[in-house]
Amino acid sequence: MENKIINLGIFGFGVVGQGLYEVLNRTKGINARIKKICIKDPNKSRPIDSSYFTTDKNEILEDPTIDVVVELINDTEAAFDIVSTALRNGKAVVSASKRMIAENLPALYELQSANKVPFLYEASSCASIPIIRNLEEYYDNDLLNAVEGICNGSTNYILTKIFEENLSFETALQQAQDLGFAETDPTLDIEGYDPKFKLVILLLHAFGTFVKPEEVYNFGIHHLNDFDIQFAKQRNSTVKLIAQCRRQNGSVFAYVLPHLVKEHNLLYDVYNEYNGILLESAFTDKQFFVGKGAGGTATGSAVLSDISALLYNYRYEYKKIKQNNQPNFTNDVKLKVYLRYKTPDQVDLAEFFNISEKYESPEWRYVVGTINLQKLKEAGWLKKKDVNLLVLE
């Protein structure tokens, strides 16, 4: 696509779509222009001329002059239909839909290969942090051991306000929603589903391993209470919702869980809507990436970066898949955890390998011990609102 103007067809004009429009118009040197934007509600007030908009997806998908389809909608099923149709029609595609991508990765990989067109989705993983590009290019031949970090700006904003400003969970969540960092229905963020979808994508680019989202255990910050917060503060620590995948004994495990993070950890000082990602490898030890993880222009800038890359015929090579030495996925790993509960009948402490600390009071109880990740995934304890868990360093 070098030396030509790229015509863009965009699906969706919400926070990210408007962010893309803003950064595209403020960025010089990128030969791309928006030709058409497909939206659901034609009567909704929007900040740009109505001539841009259509409700007919085929005005984009069937237009031979549109080079790149940019998919930025929340409907997972519709997003997959748009992306797969565009790829079959020979159009390059850029997407920010982490759930759609995570749930359809094998099919999307095959569609790219079969139709020989690029599909880029940097914005789906860590917003402004170019983590996929780094995993694809810089770490393609390195012996990568782990990818871990904060990859949900909404929950990090909430936790920052709780620990730094002593706000209640409800007040911090409302602030995040008011700023556009969290959705009106925050379930995917606060229960850890959003970072899980991102982790599934990172697993493929880090290790070449396809994993279904339901195989990865996620538990968020929705059960965090004042007792847990005091537990963390008494240990000079904070709480961060961390997504992690790590190679171990020829396999790779992954999870999304809240962690007790001490001051020496690089993730401790990642505040507000920022994301922070640590890469650990055999040859380069640890490298740390930090950047905005929520907000229209932050995510829009990642979408624009993918569009710019298409000008130079960039595509993911998925080298780790082709190297054919990808590790198998497992949940067979031991974790040291803090488990807080109200009454003894709520948990089964016999599932622990060992317990090193116990506390009981008329209101709350907790144990610190080691347990298998698979046991946590299978247990029903954490579905009870009076039970919470933090992974300890």
Side-chain angles (χ1 to χ4, degrees), residues 10 12-27 39-41 44-48 70 72-75 95-99 122-131 149-198 218 220-225 229 238-243 256 258 261 267-277 289-305:
I10 299 176
F13 200 64
V15 172
V16 179
Q18 292 182 47
L20 171 61
Y21 178 83
E22 181 179 343
V23 296
L24 179 60
N25 280 279
R26 290 169 56 185
T27 303
I39 42 87
K40 282 203 305 187
D41 183 1
K44 185 177 179 180
S45 177
R46 294 181 173 87
I48 63 174
V70 182
L72 306 172
I73 67 174
N74 289 325
D75 185 325
S95 175
S97 297
K98 73 280 293 187
R99 181 174 185 173
E122 188 68 71
S124 69
S125 294
C126 292
S128 66
I129 302 175
I131 188 65
I150 300 161
C151 56
N152 182 270
S154 306
T155 51
N156 202 49
Y157 180 91
I158 293 167
L159 291 168
T160 298
K161 295 301 177 182
I162 289 171
F163 278 87
E164 299 299 316
E165 299 181 19
N166 296 315
L167 297 187
S168 69
F169 184 96
E170 291 74 18
T171 301
L173 170 59
Q174 186 60 57
Q175 282 191 12
Q177 291 171 321
D178 292 343
L179 290 166
F181 300 151
E183 299 289 340
T184 305
D185 178 1
T187 303
L188 293 181
D189 292 324
I190 65 173
E191 295 189 11
Y193 288 95
D194 175 86
K196 175 169 77 169
F197 298 138
K198 296 171 179 177
N218 63 287
I221 63 170
H222 50 305
H223 288 183
L224 189 72
N225 71 8
I229 294 165
T238 189
V239 174
K240 300 289 186 182
L241 183 61
I242 292 179
V256 176
V261 176
L267 297 173
Y268 184 94
D269 291 319
V270 179
Y271 298 117
N272 295 317
E273 73 272 24
Y274 279 74
N275 283 346
I277 300 294
F289 299 80
V290 64
K292 280 198 171 185
T297 53
T299 310
S301 69
V303 174
L304 185 60
S305 176

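All heavy atoms count here, side chains included; hydrogens, waters and symmetry mates do not. Counting begins at 1 with the first residue of the sequence.
- Every residue was checked against the side chain to side chain donor-acceptor pair (under 3.5 Å) condition with Thr27, not counting sequence neighbours, and none meets it.
- The distance from the CG atom of Leu173 to the CG atom of Leu167 is 11.5 Å, given to the nearest 0.5 Å.
- The CG atom of Asn74 sits 9.5 Å away from atom CG of Leu188, with the distance rounded to the nearest 0.5 Å.
- Shortest non-hydrogen contact noted between Ala172 and Ile162 is CB-CG1, 4.4 Å.
- Summarising the local packing, NZ of Lys161 is surrounded by more than 12 heavy atoms from other residues, nucleotides or ligands at distances under 6.0 Å.
- Legend: residues meeting side-chain contact (heavy atoms from CB on, under 4.5 Å) with Val256, ordered by chain and number and at least two apart, are Pro195, Lys196, Leu199, Asn218, Leu241, Ala243.
- Every residue two or more places apart in sequence or in another chain was checked for a side chain to side chain donor-acceptor pair (under 3.5 Å) with Tyr21, and none qualifies.
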Sequence neighbours excluded and cut-off under 3.5 Å, please list the side-chain donor-acceptor pairs for residues 151-159, or say none.
residue	atom	partner	partner atom	Å
Asn152	OD1	Ser154	N	3.4
Asn152	OD1	Thr155	N	2.8
Asn152	OD1	Thr155	OG1	2.8
Asn152	ND2	Asp189	OD1	2.8
Asn152	ND2	Asp194	OD2	2.7
Ser154	OG	Phe181	O	2.1
Ser154	OG	Asp189	OD2	3.4
Thr155	OG1	Asn152	O	3.2
Asn156	OD1	Lys240	NZ	3.3
Asn156	ND2	Val270	O	3.0
Asn156	ND2	Asn272	O	3.1
Asn156	ND2	Tyr274	O	3.2
Tyr157	OH	Gln175	OE1	2.9

Walk me through whether Glu273 and Leu179 qualify under side chain to side chain contact (heavy atoms under 4.5 Å, CB included).
CA-CA 10 Å; Glu273 73 272 24; Leu179 290 166; over 6 Å; no
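- Partners of Glu164 under the salt bridge (charged side-chain N to carboxylate O under 4.0 Å, His left out) rule, at least two apart in sequence or in another chain, do not exist in this structure.
- Every residue two or more places apart in sequence or in another chain was checked for a side chain to side chain donor-acceptor pair (under 3.5 Å) with Glu170, and none qualifies.
- In this structure, the separation between OG on Ser301 and CD on Glu22 is 11.0 Å, given to the nearest 0.5 Å.
- Checked against side chain to side chain donor-acceptor pair (under 3.5 Å), Ser305 has the following partners two or more places apart in sequence or in another chain: Arg133.
- With sequence neighbours excluded, the residues that form a side-chain contact (heavy atoms from CB on, under 4.5 Å) with Ala123 are Ala96, Thr299, Ala302, Val303.
- Residues satisfying the salt bridge (charged side-chain N to carboxylate O under 4.0 Å, His left out) test with Glu122, not counting sequence neighbours, are none.
- Here the shortest heavy-atom pairing between Ile221 and Phe169 reads O-CE1, 3.5 Å.
- Take Asp75 and apply the side-chain contact (heavy atoms from CB on, under 4.5 Å) test, not counting sequence neighbours, and it matches Ile73, Glu77, Ala78.
- Applying the side-chain contact (heavy atoms from CB on, under 4.5 Å) criterion to Gln18, with sequence neighbours excluded, gives Phe13, Pro47.
- Counting all heavy atoms, side chain and backbone alike, Lys198 lies closest to Ser124 at CG-O, 3.3 Å.
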Does Ile229 form a side chain to side chain contact (heavy atoms under 4.5 Å, CB included) with Val239? I'd like the steps, not just the answer.
CA-CA 8 Å; Ile229 294 165; Val239 174; over 6 Å; no
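- Note that CD1 of Ile277 is 6.0 Å distant from CD1 of Ile131, once rounded to the nearest 0.5 Å.
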